[in-house]
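Below is one structure, written out as structure tokens; comments come after it.
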Amino acid sequence: MLDMRDIRERQDEVRENIRNRGMEIDLDALLAADEDARRLRGELDEIRRRRNEISGSMKGPMKPEERAPLVEEGRQLKEREAEVEERYRAADELRRSLQSQVPNFTHPDAPLGRDDMENKELRVVGEPPRFDFKPLDHVDLMERLDLVDFEGGAKVAGQKFYYLKNEAVLLELALMQFASRILREEGFTMFITPDLARRDILDGIGFNPRGESTQIYNIENSDLCLVATAEITLGGLLSGEIIEEERLPLLYGGISHCFRTEAGSAGRESRGLYRVHQFSKVEMFAFTRPEDSAEMHDRMVSIEERIYTELGIPYRVVDICTGDLGAPAYRKFDLEAWMPGRERWGEITSTSNCTDYQARRLDIRYKEKGAKGTRLVHMLNGTAIALSRAMIALLENGQRADGSISLPKCLGLADIQPR
RNA sequence: GGAGAGGUGGCCGAGCUGGUCGAAGGCGCACGCCUGGAAAGCGUGUAGGUGCCAAAAGUGCCUCGAGGGUUCGAAUCCCUCCCUCUCCGCCA
């Protein structure tokens with residue numbers, strides 16, 4: 001969420017930003033609600049001030065005839081307060097719901113564009129392999145090698161669920177282990193996080209747990225949701241806290257399952273593991289001082305590049321354009337791996353600098369040594385490894401004519417042999 | 001799941017027979033004195049949010065887990081919920 005004062009004072013900028021992101025938000029309604037809320041808040045404060053004044057003046061013993069009118073006035077004020085407060089709350093709630101729709105500001109260097117077609121390729125690393133045979137896609141590979149059971153997944157849990165089998169299980173575990181080891185080397189504190197989280201944490205991170213286009217599974221009869229990423233549980237971990245400046249930056253790595261309803265994306269990229277309802281992921285998260293977040297963002301990209309370089313997967317780095325940025329992201333870089341089965345690049349990581357957008361709602365601040373007050377931290381998240389997508393890239397790039405699949409040495413696994 | 005105890009400022013911890021409490025004391029932190037320098041010691045200061053004000057000063061409002069209630073007045077009394085701890089039960 002943006003600061004309401006910024007929205008008021010940088011209106012033109014906010015409007016332009018909303019336009020650049022291809023969003024439609026009724027900013028005038030927000031500003032009107034803000035006016036109302038502020039005016040009513042002033043009234044409310046004045047009523048309360050008088051109430052406090054009255055009760056303060058009645059602390060000592062008093063003659064009954066002096067006391068009675070004060071008690072009476074206090075009583076009346078209480079009623080007026082309740083009435084004004086109700087109106088204030090309504091205005092405040094409206095303001096808040098509109099305010100939370102306003103996207104973060106955007107980094108000036110982020111490319112202008114409507115959708116993912118206009119993302120900007122920054123560099124390509126590694127070479128897509130040349131096969132002297134027709135490469136298979138991961139679905140054919142995995143079924144041939146008995147590494148996956150999509151039909152079983154569909155029977156038990158529905159479309160877009162799957163069972164990993166045999167070497168794929170070891171591969172998933174090895175990849176998690178590998179990514180975790182690298183994150184430890186890079187100074188991250190590692191977590192295996194809850195796979196569920198409270199709705200208000202999801203809200204704070206910027207996920208919309210409700211509504212028709214939600215990506216989020218809700219748990220009935222509770223205020224819990226299945227997490228869509230450990231970004232939610234890692235970012236939420238420090239909600240409401242004030243951090244000592246010298247502890248920053250805080251680097252957290254988290255392993256979780258990720259659950260996504262994928263509402264509205266039926267049919268698109270639907271084959272195999274590319275878009276599924278559940279997958280495992282190792283996630284990076286950072287809390288930094290505002291002046292350090294840009295550098296941290298670059299560092300997180302470089303960690304991702306290290307991971308995919310060591311895995312020997314050809315990839316490119318993409319600078320996400322304004323229209324393709326999520327609302328909380330100030331800037332976002334994706335890594336896209338070469339996927340021979342699709343004969344194109346496919347997103348395998350995504351790392352966002354969300355500046356103070358999430359911190360404001362989650363109320364995560366830090367205290368500067370010797371300075372008065374607190375400041376909001378900057379929060380960044382990035383994929384270390386999303387297991388389903390990484391598996392696609394590994395299997396498709398590693399396939400050989402004899403039907404075997406070569407795996408990178410760093411995983412410590414034997415190549416997968418044909419049945 | 002059952003019984004009990006508890007959730008207070010950056011941290012620890014008093015207050016909880018309603019008003020003098022945004023809150024003792026300590027730690028930490030900042031500044032100063034002391035010192036050749038440091039430690040110790042001494043002194044002073046130190047919660048957050050938000051509004052008014054150009055800003056500072058000042059001042060209003062809110063916040064003692066969350067929400068509601070009683071009252072002129074609630075950290076303190078009542079109710080609901082959440083969380084933590086101890087014991088018991090159950091279980092991997």
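Naming convention: chains lettered A, B, ... in sequence-line order (proteins, then strands); numbering from 1 in each chain.
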> To the nearest Å, how far apart are A:I47 CD1 and B:C61 C1'?
Replying inline: 12 Å
> Between atom CD in A:E43 and atom P in B:U50, what is the gap in whole Å?
Replying inline: 22 Å
> Do A:D415 and A:S406 have a side chain donor and acceptor closer than 3.5 Å?
Replying inline: no
>> Can you measure A:R5 atom CZ to B:U50 atom C1' for me and round it to whole angstrom units?
In response: 9 Å
>> From CD of A:E81 over to C1' of B:C61, roughly how many Å is that when rounded to an integer?
In response: 10 Å
>> Does either side chain, that of A:N104 or that of A:T355, offer a donor lying less than 3.5 Å from an acceptor on the other one?
In response: yes
>> Quick one about A:N119 and A:D324 (side-chain donor to acceptor, distance below 3.5 Å, no hydrogens or angles considered), yes or no?
In response: yes
> Of all the choices, B:G10, B:G73, B:G19, which nucleotide is nearest to the side chain of A:E244 once you look at every atom?
Replying inline: B:G10
> Among B:G48, B:C72, B:C61, which nucleotide sits nearest the side chain of A:R49?
Replying inline: B:C61
> A:R365 side chain: which of B:G48, B:G51, B:G19 is closest?
Replying inline: B:G48
> Among B:G51, B:G48, B:G60, which is the nearest nucleotide to the side chain of A:R38?
Replying inline: B:G51
> In whole Å, what is the span from the CZ atom of A:R96 to the C1' atom of B:G49?
Replying inline: 13 Å
>> Given B:G73, B:G48, B:C62, identify the nucleotide with an atom nearest to the side chain of A:R51.
In response: B:G73
> Which of these nucleotides, B:G10, B:C61, B:G51, is closest to any side-chain atom of A:K367?
Replying inline: B:G10
> Given atom CD of A:E46 and atom P of B:C62, what is their separation to the nearest angstrom?
Replying inline: 12 Å
> Below 3.5 Å, does any donor atom in the side chain of A:D45 face an acceptor in the base of B:G51, or the other way round?
Replying inline: no
> Counting only Watson-Crick or G-U wobble pairs whose two distances fall under 3.5 Å, which nucleotide matches B:A54?
Replying inline: none
> What is the base-pairing partner of B:A5, counting Watson-Crick and G-U wobble geometry with both distances under 3.5 Å?
Replying inline: B:U84
>> Rounding to an integer number of Å, can you tell me how far A:R75 CZ sits from B:U71 C1'?
In response: 9 Å
> Closest to the A:R198 side chain: B:C52, B:C72, B:C82?
Replying inline: B:C82
>> Applying the Watson-Crick and G-U wobble criteria at under 3.5 Å, what pairs with B:G37? Answer none if nothing qualifies.
In response: none
>> Could you identify the nucleotide paired to B:G73, looking across every strand shown and requiring Watson-Crick or G-U wobble geometry with both distances under 3.5 Å?
In response: none
> Can you tell which of A:D26, A:D34, A:D36 makes a salt bridge (Lys or Arg N to Asp or Glu O under 4.0 Å) with A:R95?
Replying inline: A:D34
>> The side chain of A:R48 is closest to which nucleotide in this list: B:C82, B:C61, B:C72?
In response: B:C61
> Between A:K281 and A:T229, is any side-chain donor less than 3.5 angstrom from a side-chain acceptor?
Replying inline: yes
